[in-house]
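Below is one structure, written out as structure tokens, with a few remarks after it.
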Amino acid sequence: MTIKLATKNFGAILPGVGACVIWSACNISNKVVLDAGVAPLTLLFGQLLVSAPVLWIVAFARRRKLPVSGKGRLFRLGFWQPGIAYGASFIGLTMTSVTVEALLFSVETLMIIYFAWVLLGERPPSTTIAAGILGSVGVALVTGLGSSTNLTVGLLGPVLILIGVAGAALYSVLIKREVETQNAVPVVAIAQCGGLTVIALAWLIWPDPERFASLTMETLLIIGVSGLLMHSLAFVLFVRQLETLTASTASLLLLSIPVMTAVLGYVLLDERLSALQIAGATVVMGALLLQVWPRRT
């Protein structure tokens, strides 16, 4: 009985896990493109130019009904994410390391738990709060908090990333309310158009004379594929996860992103994992199991 219940619980989080795997892989591809000299806004603008039309094509192909009301509200949701969330964090990522960004994004889980409590009335159980705190500690270990490389970063990059984290957390909570009564694909599509509008305006207002200089066929391919996966498929998967889980519970899955990013870095980029990072990954996985594993009633 316990094994069946545990399997059911784990099966319920598969959409969210899939989204986190995609975001983890795209963290590495984004850093590769940014390190190649592509401007952050150019990267995000290109990704959204791919993802937004694809979402609309899928919505119409599957004959998903558009929201009867609240289109303006959904459009404005895109200002938070991907607009502010990714715009600010991508710029911040050029000023700091991937590990620092991952550490700061671990705060998103705690922000979502708080916002969901205040805005949705989702009072989190003690196990959720404990799992969120435990997981954040694990992320700190995975990203090597306290190492000399992390202490040398400036202030502006982390501040921009934290602004992005707040935008992402607010989006996750507000869109939870929308998908309770509407299909996820058109909801995400409308929000993506809002985000694309914000980034397009920013891209035009702050021109970069060399914005196209670093674009090659390879970087364009990476931008297109990452846009399709990161902003289309992953967004829909995570938003669908919000249909079955509370926002605070779903947010705990986000703690796995730094762990998976570190593992993918080890596999794809030959980055070494220290014993402390492995211990941190174990702590994060333990925090997720604490929340997902069935409890006796």
Side-chain angles (χ1 to χ4, degrees), residues 10 13-34 44 47 81-82 85-86 88-90 92-93 96-113 128 131-145 150 158 161-162 164-173 226-227 229-242 245 247-269 271 273 277-292:
F10 285 119
I13 65 172
L14 284 179
V17 171
C20 291
V21 170
I22 293 171
W23 281 325
S24 301
C26 288
N27 280 343
I28 294 177
S29 66
N30 288 338
K31 186 61 176 176
V32 169
V33 172
L34 292 172
L44 184 54
Q47 289 175 330
Q81 183 165 306
Y86 280 107
S89 61
F90 276 17
L93 184 57
T96 186
S97 67
V98 175
T99 55
V100 172
E101 185 204 32
L103 173 63
L104 293 173
F105 257 94
S106 70
V107 181
E108 183 181 0
T109 293
L110 299 178
M111 285 186 177
I112 290 176
I113 291 174
T128 298
I133 295 174
L134 182 63
S136 297
V137 172
V139 169
L141 295 175
V142 170
T143 54
L145 180 63
N150 286 344
I161 291 172
L162 281 175
V165 171
L170 191 58
Y171 170 92
S172 296
V173 171
S226 63
L229 295 176
M230 183 178 188
H231 298 289
S232 295
L233 181 57
F235 264 70
V236 171
L237 286 174
F238 191 75
V239 168
R240 284 198 168 175
Q241 186 70 86
L242 292 172
L245 298 179
S248 56
T249 300
S251 71
L252 294 175
L253 297 173
L254 301 176
L255 293 170
S256 67
I257 294 178
V259 176
M260 288 188 282
T261 301
V263 172
L264 289 173
Y266 172 78
V267 174
L268 300 176
L269 304 179
E271 294 182 351
L273 292 176
Q277 288 177 308
I278 295 173
T282 303
V283 171
V284 172
M285 293 300 103
L288 296 178
L289 286 173
L290 176 66
Q291 180 63 30
V292 175

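A quick note: this is a predicted structure, and the numbers were derived from the prediction, not measured.
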When you look at V173 and M111, which way does the side-chain contact (heavy atoms from CB on, under 4.5 Å) test go after all the steps?
-> CA-CA 10 Å; V173 171; M111 285 186 177; over 6 Å; no
Test item: S24 side-chain N/O and I257 main-chain N/O as donor-acceptor pair under 3.5 Å | yes
Hey, what do you get for CZ (F238) to OG (S172), rounding to the nearest 0.5 Å?
-> 5.0 Å
Rounded to the nearest 0.5 Å, what's the gap from CG on L229 to CG on L237? Could you check?
-> 10.0 Å
Heavy-atom closest pair (A85 atom, G167 atom, distance to 0.1 Å) is CB-C, 4.2 Å
Test ring pair (Phe, Tyr, Trp, His ring centres under 6.0 Å) applied to Y86 - qualifying residues, sequence neighbours left out = F90, H231
To the nearest 0.5 Å, what is the distance between OG (S226) and CD1 (I28)?
-> 12.5 Å
Does the pair L170 and Q81 meet the rule for a side-chain contact (heavy atoms from CB on, under 4.5 Å), with working shown?
-> CA-CA 9 Å; L170 191 58; Q81 183 165 306; over 6 Å; no
CE (M230) and CG (N27) are apart, to the nearest 0.5 Å, by 6.0 Å
Output all residues satisfying side-chain hydrogen bond (donor to acceptor under 3.5 Å, both in side chains) with S89, sequence neighbours left out; order by chain, then residue number.
-> none
Decide yes or no for V17 and Q241: does some side-chain heavy atom of the first lie under 4.5 Å from some side-chain heavy atom of the second?
-> no
How many angstroms lie between atom CH2 of W23 and atom CZ of F235, to the nearest 0.5 angstrom?
-> 6.0 Å
